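Presented below is the structure to which this report refers.
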There are 2 protein chains.
Amino acid sequence: MLRLSKLTDYATVLLGYMARAKLEIHAAVEIAHATGIALPTVSKLLKLLAHSGLVHSIRGAKGGYCLSHAPERISVADIVQAIEGPIALTECSISDDYCEQSAHCDIRGNWRVINKAMRTALESVSLADLAFKIKPSTALEFKVSVDSLTRG
Amino acid sequence: MLRLSKLTDYATVLLGYMARAKLEIHAAVEIAHATGIALPTVSKLLKLLAHSGLVHSIRGAKGGYCLSHAPERISVADIVQAIEGPIALTECSISDDYCEQSAHCDIRGNWRVINKAMRTALESVSLADLAFKIKPSTALEFKVSVDSLTRG
DNA sequence: TTAAATAGTACTAATATAGTACTCTAAATT
DNA sequence: AATTTAGAGTACTATATTAGTACTATTTAA
């Protein structure tokens, strides 16, 4: 079904809330109430997002989390990677060594290309695009030449 | 990690074999031997692919499977959909009703756009691209305007 | 009629995901 | 300094999904 995990989905919801709310600092409890996502889940997600540097955490009383960058600077790819790890459609996209089939498999190199294409697609959409309505005039364009892909 | 299932990966390998091998009809056993994928798995996959019309099945002795279309006409999106079902990154991309969060969720519509973008990326790569080396001169281009996306 | 091959279905096992609980550390307020 | 608020870290459990297997039925060639 090629789908994102629920956690990633939740992450976009809670980051979307943070992007829209004007106050800088948000406690996990507040975000949980506002979004309807269970508190332990919200905490877990915010920790992951803090690890990847997408949000900044402030400890102690009156602490909380704030976005590290403007919503326009945070891409969907960033969010997916923060929660799910590297975007890699197939095992062999990650490491060369792992696949026992490699003798039979002539397809490996070409998956890399597709992978890069997907990543490019996800990188081209920002948190701002998600959180605020995408205007119909906005054009998403992905133009990926194999030259650039095979170099990457 | 946004990855395809192993089964989808296997499916590309065995379709790749069929695309390269010149003989029209291939029994499941033959494909299993050639690709190193276990026979029961190969059978399962070929059944799924036959259901979606990507391969044509011939029953009985001397039977087997053959590609329904030229490798150039079969897209990676077709293969993914045959094995994993509809390409839908989030639950709400499939049905409107399901999501209990819908009151809180302003993000729904925009996921659709991303979804379509991903699908477009996968549609732009063919089985032929996978099975034979993509030539560096080949350019994969995705150009998706939101106008067309919101209509879809 | 027999052997070869796919169709269909149901089941089991393995893995990954989601969710929860608990302890530790840091900062602010009094 | 003590207390309270809030995040950090870790480990665990339950659930759901995925992968893999087995078995029976059906079709066709020789």
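Lettering follows sequence order; numbering is per chain, from 1. Quick caveat: nothing in here was measured; it's all calculated off a predicted structure.
In terms of modelled atom types and a separation under 3.5 Å, the side chain of A/Asp129 and the main chain of A/Ser126 share a donor-acceptor contact. Side-chain atoms of B/Glu84 come within 3.5 Å of backbone N or O of B/Ser5 as a donor-acceptor pair.
If you take CZ on A/Arg3 and OG1 on A/Thr8, they are separated by 11.0 Å, rounding to the nearest 0.5 Å. Between A/His33 atom NE2 and A/Leu39 atom CG the span is 8.0 Å, to the nearest 0.5 Å.
At whole-Å resolution of the value, CG in B/Leu39 and P in C/dA7 are 13 Å apart. As a whole-Å value, the separation of B/Leu4 CG from D/dT17 C1' is 15 Å. Atom NZ of B/Lys6 and atom C1' of D/dT21 are 15 Å apart (whole Å). The separation between B/His33 atom NE2 and C/dA5 atom P is 12 Å, rounded to whole Å. One interatomic measurement links the two molecules: CG of B/Leu46 to P of D/dT21, which rounds to 16 Å at whole-angstrom precision. Atom P of nucleotide D/dA6 and atom NE2 of A/His56 are separated by 17 Å, given to the nearest angstrom. A straight line from CG of B/Leu48 to P of C/dT6 spans 15 Å, rounded to a whole angstrom. Between the P atom of D/dG20 and the CG atom of B/Leu45 lies a distance of 9 Å, rounded to the nearest Å.
Checking the phosphate oxygens (OP1, OP2) of D/dA8, no side-chain nitrogen or oxygen of A/Ser43 falls inside 4.0 Å. Proximity of A/Ser5 to the phosphate of C/dA16: no side-chain N or O atom is located under 4.0 Å from OP1 or OP2.
Applying the side chain to side chain donor-acceptor pair (under 3.5 Å) definition to pairs two or more places apart or across chains, none involves residues 39-50 of chain A.
Taking the side chain as every heavy atom from C-beta outward, A/Thr12 and A/Val76 never approach each other to under 4.5 Å. Using a 4.5 Å heavy-atom threshold, the side chains of B/Leu4 and B/Asp9 count as separate.
B/Arg59 contributes no side-chain N or O that forms a donor-acceptor pair with the base of D/dT28 under 3.5 Å.
Against DNA chain C, the stretch residues 24-32 of chain B makes heavy-atom approaches under 4.0 Å through B/Ala27, B/Ala28. In the region residues 61-69 of chain A, proximity to DNA chain C at under 4.0 angstrom, judged on heavy atoms, holds for A/Ala61.
Take B/Glu30 and apply the side chain to side chain donor-acceptor pair (under 3.5 Å) test, not counting sequence neighbours, and it matches B/Tyr17, B/His26. Taking the side-chain contact (heavy atoms from CB on, under 4.5 Å) definition, one finds that B/Ala77 meets it with B/Ser75, B/Ile87, B/Leu122, B/Glu123, sequence neighbours left out. Considering only residues two or more places apart in sequence or on other chains, A/Glu24 meets the side-chain contact (heavy atoms from CB on, under 4.5 Å) condition with none of them.
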Output side-chain donor-acceptor pairs under 3.5 Å for residues 49-63 of chain A, partner residues at least two apart or in another chain, one line each.
from	atom 1	to	atom 2	distance (Å)
A/Ser52	OG	A/Leu48	O	3.2

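Here the side chain of A/Leu7 is nearest to one of C/dA18, C/dT20, D/dG7, namely C/dA18.
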**OP:** Walk me through it: do B/Leu14 and B/Leu46 pass the test side chain to side chain contact (heavy atoms under 4.5 Å, CB included)?
**Re:** CA-CA 9 Å; B/Leu14 67 85; B/Leu46 287 168; 3.6 Å; yes
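Nearest-nucleotide mapping onto DNA chain C: of A/Gly60 and A/Ala38, the residue sitting toward the 5' end is A/Ala38.
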Mind listing the N/O atom pairs, protein and nucleotides 9-12 of chain D, below 3.5 Å?
from	atom 1	to	atom 2	distance (Å)
D/dG9	OP2	A/His51	NE2	3.0
D/dG9	N7	A/Lys47	NZ	2.9
D/dG9	O6	A/Lys47	NZ	3.2

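B/Ile58 comes within 4.0 angstrom of sugar-phosphate atoms only, judged by non-hydrogen atoms across all strands, and of no base.
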